[in-house]
Amino acid sequence: MRELNNPFVIYGYKGAKYFCDREQETEKIIKGLTNERNIALIAPRRIGKTGLIHHVFSQIRQQQPDICCIYFDILATKTLEQFVQLMARSVLGRLDTPTQSAFKKIQDFFSAFRPTMTFDGTTGMPTFSLNISKNEEEQSLKRIFEYLSVSKKRCYIAIDEFQQITKYTEADTEALLRSFIQFVPNVYFIFAGSQRHMMSDIFLSPERPLYQGAQMVAINEIDETKYYQFAKSMFMERKQQLPEDAFRYLYDKVDGQTWYVQATLNRLYSNHLEEITIADIDVTIQELIDEDVVVFENYYSSLTMNQAALLTAIACEQKVQSPMAQAFIAKYHLPALSSIKVALKSLSDNQYIYQHHGSYMVYDRFFGMWLSDRVP
């Protein structure tokens with residue numbers, strides 16, 4: 001893999017050299033998969049969950065290249081039919097050598113669903129889609145799992161934003177998946193999700209079909225000291241200095257959230273400064289906030305008056321343990337308790353805020369800073 005112009009990766013996975021820490025989490029996930037355990041990976045968005053999955057798969061491919069590792073994100077899906085189509089595009093063809101006979105085998109295997117083969121314009125690899133009629137979703141999903149099973153090839157499949165299945169119009173999706181997953185002995189899953197309470201309900205509630213169906217793995221912020229050593233070494237390669245106090249200031253300012261640390265360091269690295277100062281960090285963060293002002297204004301305009309008031313109050317405090325405490329309500333002149341409860345649920349459901357380490361926080365750190373700056 002070629003060297004990057006900027007080692008502070010913001011999107012995607014670019015290799016182990018540019019991936020910081022997560023050694024224990026990587027080992028835990030690989031050990032779980034190797035020993036026939038599914039994994040439920042839980043982490044807030046933008047903390048590095050997806051990057052960790054790709055890092056795990058990269059390590060597995062190096063150690064055991066015969067294992068097939070597949071990743072797909074279902075956040076944009078709304079129905080079981082969309083889930084099945086996405087899984088088909090992600091899985092079909094991946095367990096076969098790309099030959100014409102292999103393509104013919106897939107077409108024969110899924111003949112009832114009239115598979116269509118196209119080629120990815122970037123990779124040149126084939127992808128398959130199925131023609132699924134109404135009420136055929138269950139049968140087509142069953143056929144995909146049968147395809148996985150008859151291949152006898154060991155396979156690890158990561159389904160990102162897995163909690164999305166609870167929002168499908170079909171109420172029995174969890175039970176349906178369980179009925180297929182338990183009979184595919186060569187395939188193990190990473191169920192990754194960013195909404196902790198929903199993921200916990202799926203796998204830890206006795207009344208749910210996937211109860212105890214996976215080993216729970218939660219990830220939090222990268223250790224501050226390890227993150228500093230990683231960042232410092234990257235700057236030193238270019239003979240730039242990143243003092244420890246400056247890094248700790250940045251880490252604390254964005255609560256150690258990986259994407260915001262990376263985005264800021266990426267800009268600082270590109271500026272070719274001899275030594276990074278706290279003032280440089282403040283200027284850079286403000287630049288990043290200014291670039292997204294239109295987005296933040298749209299977020300804000302979509303809120304009700306009560307939601308906007310509560311969200312702004314949380315942003316000003318940065319962390320709020322009890323948003324319904326009388327002192328907090330009085331300090332920010334918030335509406336009645338019943339209105340706060342409604343606003344709090346809506347903000348949580350729409351992921352404007354989330355609970356982390358026992359406190360409510362604004363999900364988008366830069367949006368939170370923009371909100372607090374608006375207060376006189």
How far does [atom1] of [X] sit from [atom2] of [Y], to the nearest 0.5 angstrom?
X      : Y      : atom1 : atom2 : result
Leu265 : Ile10  : CG    : CD1   : 9.5 Å
Glu25  : His55  : CD    : NE2   : 10.0 Å
Ile219 : Leu52  : CD1   : CG    : 5.0 Å
Gln240 : Leu268 : CD    : CG    : 9.0 Å
Lys319 : Asp255 : NZ    : CG    : 4.5 Å
Ser200 : Met198 : OG    : CE    : 11.0 Å

Test item: [X] and [Y] side chains (from C-beta on) under 4.5 Å apart, heavy atoms:
X      : Y      : answer
Thr77  : Tyr168 : yes
Tyr300 : Trp370 : yes
Phe162 : Leu75  : no
Ile70  : Cys155 : yes
Gln59  : Thr26  : yes
Leu250 : Ile278 : no
Lys341 : Met324 : yes
Phe191 : Leu41  : no

Query raised in the report: When you look at Glu224 and Phe247, which way does the side-chain contact (heavy atoms from CB on, under 4.5 Å) test go after all the steps?
Result: CA-CA 9 Å; Glu224 186 176 357; Phe247 178 82; 4.2 Å; yes
So with a 6.0 Å cut-off around [atom1] of [X], is the heavy-atom count from everything else above 12?
X      : atom1 : value
Glu287 : CD    : yes
Gln318 : CD    : no
Lys17  : NZ    : yes

Looking only at heavy atoms, which two atoms of [X] and [Y] are closest? And how far apart?
X      : Y      : value
Tyr18  : Leu4   : OH-N, 3.1 Å
Lys153 : Asp66  : NZ-O, 2.8 Å
Val320 : Ile314 : CG2-CA, 4.0 Å
Gln307 : Ser346 : NE2-OG, 2.9 Å
Tyr260 : Tyr363 : OH-O, 3.7 Å
Gly256 : Val261 : C-CG2, 4.3 Å

Look at the aromatic rings of [X] and [Y] and report parallel, tilted or perpendicular, splitting at 30° and 60°.
X      : Y      : result
Phe8   : Phe230 : perpendicular
His54  : Tyr71  : tilted
Phe145 : Phe189 : tilted
Tyr299 : Phe296 : tilted

For the backbone of [Y] and the side chain of [X], can you confirm whether one donor and one acceptor N or O come within less than 3.5 Å of each other?
X      : Y      : result
Thr79  : Gln82  : yes
Arg61  : Cys69  : yes
Asp280 : Ile276 : no
Asp223 : Lys226 : yes
Ser205 : Ile202 : no
Asp364 : Phe367 : yes
Thr312 : Ala309 : no
Tyr352 : Asp349 : no
Asn38  : Tyr188 : no
Asn266 : Val9   : no

Requested in this report: Apply side-chain hydrogen bond (donor to acceptor under 3.5 Å, both in side chains) to the pair Asp282 and Gln286, showing each step before the final yes or no.
Outcome: CA-CA 6 Å; Asp282 283 334; Gln286 190 58 52; over 6 Å; no
Find out whether the Lys NZ or Arg CZ of [X] is both under 6.0 angstrom from the six-membered ring centre of [Y] and within 45° of the ring's axis.
X      : Y      : answer
Arg178 : Tyr211 : no
Arg89  : Phe72  : no
Arg238 : Tyr269 : yes

Query raised in the report: Applying the 4.5 Å side-chain criterion to the ILVMFWY set and letting contacts propagate, would Ile289 and Val295 be lumped into a single cluster?
Result: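 Linked, Ile289 and Val295 end up in one cluster.
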Query raised in the report: Would a hydrophobic clustering, with Ile, Leu, Val, Met, Phe, Trp and Tyr connected at side-chain separations under 4.5 Å, put Leu371 with Val293?
Result: yes
Report task. Evaluate the criterion side-chain contact (heavy atoms from CB on, under 4.5 Å) for residue pair Ile29 and Ile53; output intermediate values, then yes/no. Result -> CA-CA 9 Å; Ile29 294 170; Ile53 294 171; over 6 Å; no
Presence of salt bridge, [Y] and [X], under 4.0 angstrom:
X      : Y      : answer
Glu317 : Lys331 : yes
Glu36  : Arg154 : yes
Lys239 : Glu274 : no

Query raised in the report: Will you find, in the side chains of His357 and Gln321, an N or O donor that is under 3.5 Å from an N or O acceptor?
Result: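 No.
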Query - Chi angles and distances behind the ring pair (Phe, Tyr, Trp, His ring centres under 6.0 Å) call for Tyr228, Tyr251 - result: CA-CA 9 Å; Tyr228 172 62; Tyr251 187 94; over 10 Å; no
Requested in this report: Report the C-alpha separation of Met361 and Gln257 in whole Å, then their side-chain angles, then the decisive distance to 0.1 Å, and conclude whether the side-chain contact (heavy atoms from CB on, under 4.5 Å) test is met.
Outcome: CA-CA 12 Å; Met361 308 170 72; Gln257 300 296 290; 5.9 Å; no
Query raised in the report: Applying the side chain to side chain donor-acceptor pair (under 3.5 Å) test to Ser194, which of Lys49, Arg46, Glu161 qualifies?
Result: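 In the set Lys49, Arg46, Glu161, the residue that makes a side chain to side chain donor-acceptor pair (under 3.5 Å) with Ser194 is Glu161.
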Report task. Just do the side-chain contact (heavy atoms from CB on, under 4.5 Å) check on Leu204 and Met199 with the steps written out, would you? Result -> CA-CA 8 Å; Leu204 298 180; Met199 290 290 289; over 6 Å; no
Query raised in the report: What do the steps show when you test Asp160 against Thr50 for side-chain hydrogen bond (donor to acceptor under 3.5 Å, both in side chains), and what is the final call?
Result: CA-CA 7 Å; Asp160 210 349; Thr50 303; 2.7 Å; yes
Query raised in the report: Would Glu244 and Tyr249 satisfy side-chain hydrogen bond (donor to acceptor under 3.5 Å, both in side chains), going step by step from the backbone distance to the final call?
Result: CA-CA 9 Å; Glu244 187 171 359; Tyr249 174 80; over 6 Å; no
